[in-house]
Number of protein chains: 2
Amino acid sequence: MEKVTRAEVFRLHAQICKALADPSRLLIVVELRHGSRTVGELSRAIGAAQPLTSRHLAVLREKGIVRAERDGTFVRYSLPDRRILAAIDLLLDVLATQLARQGLRSSAARRLRPALRSA
Amino acid sequence: MEKVTRAEVFRLHAQICKALADPSRLLIVVELRHGSRTVGELSRAIGAAQPLTSRHLAVLREKGIVRAERDGTFVRYSLPDRRILAAIDLLLDVLATQLARQGLRSSAARRLRPALRSA
DNA sequence: TGCGTCTATCCGCATATCCGTATCTGACGA
DNA sequence: TCGTCAGATACGGATATGCGGATAGACGCA
């Protein structure tokens, strides 16, 4: 059994994170939580054009986050590993904690100022 | 209590993922698993120049993934929320499963071909 | 105050990502 | 085989991200 270098593991790990580092792709994964979906369904669900949806799906597919299977003219996408959902949920919990701690009193301001300033 | 829009939550969620979507930053987080570290320690641990390390830390800090506190001339970084570690570990498990399933027989080839081809 | 150490930020360039539009492929039915 | 529909890919411009190198700021101490 061959060894995968430590650096390589971190690179691959980062690539999985990067695949999830996009609001549309997160929406796709969350949409797949409750079952498989066709590209058209996902496209409508996330409110994005079909080619864009298809490319997002390609990114997720290349990282093994979603699986594609033909169904006639359709292609159905699904989640082969629910642990991805668990990880996303954990990060969402972290986010919720952060939002709660800062107070939710100015979501508009936060919208305009993406990063939390240092102190 | 004000409402944070669904779209905004996904945007923030994606930003957390993006902050983790870099091998050096993952190394930093993992290095912090066992306690707080100064910038210099982290810089040596991940084998990156100090300014680069500092910028990576700024990214993580802005997303609330790490916390900074002055300690004399040093700045000590730590993890305020261990759930980030749990999420990272889950994704690492997913990666391990993927690697096991594909077989580890050509890590060199995989190194050169970042994406898993569609089929 | 002046100096050395530790950390943060600025600048500039190379690279990568994102998204709209157009086009291509693949499957089904007439 | 041809038309049509679902989906995937190609192309190009705008934007963002990466890094190294230089520099600026913060702190402690003499």
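Lettering follows sequence order; numbering is per chain, from 1.
Close to dC19(C), at under 4.0 Å from its OP1 or OP2, lies a side-chain N or O of H56(A). Remark: Y77(B) is in phosphate contact with dA8(C), judged by side-chain N or O atoms under 4.0 Å from OP1 or OP2. Taking 4.0 angstrom as the limit, R76(A) places none of its side-chain polar atoms (N or O) nearer than this to OP1 or OP2 of dG7(D).
Comparing atom distances between the K18(A) side chain and each of dT17(C), dA8(D), dT7(C) picks out dT17(C) as nearest.
To the nearest 0.5 Å, atom CG of residue D22(A) and atom SG of residue C17(B) are 10.0 Å apart. Separating the CG atom in L12(B) from the CG atom in L92(A) is a distance of 10.0 Å, to the nearest 0.5 Å. Atoms CD1 and CD1, on I46(A) and I28(A) in that order, are 4.0 Å from each other to the nearest 0.5 Å.
Regarding L60(A), its CG atom lies at a distance of 15 Å from the C1' atom of dT17(C), rounded to whole Å. In this structure, L57(B) places its CG atom 16 Å from C1' of dG18(D), rounding to the nearest Å. Between the CZ atom of R11(A) and the C1' atom of dA16(C) there is a distance of 15 Å, rounded to whole Å. Atom CD1 in I46(A) sits roughly 12 Å away from atom C1' in dC19(C) (whole-Å rounding). Distance R37(A) CZ to dA6(D) P: 17 Å, rounded to the nearest Å. The nearest whole Å value for the distance from the CD atom in Q15(A) to the P atom in dT17(D) is 17 Å. Separating the CD atom of E69(A) from the P atom of dA8(D) is a distance of 13 Å, rounded to the nearest angstrom.
Under 4.0 Å is where a charged nitrogen must lie from a carboxylate oxygen, and between R33(A) and D89(A) at least one such pair does. Using a cutoff of 4.0 Å between basic side-chain nitrogens and carboxylate oxygens, R67(B) and D81(B) are not scored as salt-bridged.
In terms of heavy atoms, S78(B) sits closest to S36(B) at CB-CB, 3.9 Å. Shortest non-hydrogen contact noted between R61(A) and A68(A) is CD-CB, 4.0 Å. Of all the heavy atoms in G64(A) and P80(A), the pair that sits closest is O-CG, 3.8 Å.
Residues of residues 19-31 of chain A having a heavy atom closer than 4.0 Å to DNA chain C, listed by number: D22(A), R25(A).
A donor-acceptor pair under 3.5 Å is formed between the side chain of Q98(B) and the backbone N or O of K63(A).
No side-chain donor-acceptor contact under 3.5 Å links T38(A) and R76(A). R11(B) and T5(B) share no side-chain donor-acceptor pair at under 3.5 Å.
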(request) Sugar-phosphate atoms are those with a prime plus P, OP1 and OP2; base atoms are the rest. Using that split, label each nucleotide of nucleotides 20-30 of chain D B, S or - for protein heavy atoms under 4.0 Å, 5' to 3'. (result) BBB---SBS--
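Linking ILVMFWY residues whenever their side-chain heavy atoms come closer than 4.5 Å, directly or via other members, leaves L32(A) and L90(A) in distinct clusters.
Residue T38(A) is classed as a sugar-phosphate contact, given heavy-atom separations below 4.0 Å to backbone atoms only.
Each end of the helix from dT1(C)-dA30(D) to dA30(C)-dT1(D) gets its own rotation axis from five pairs of C1' atoms, and the angle between them is 20° to the nearest 10 degrees.
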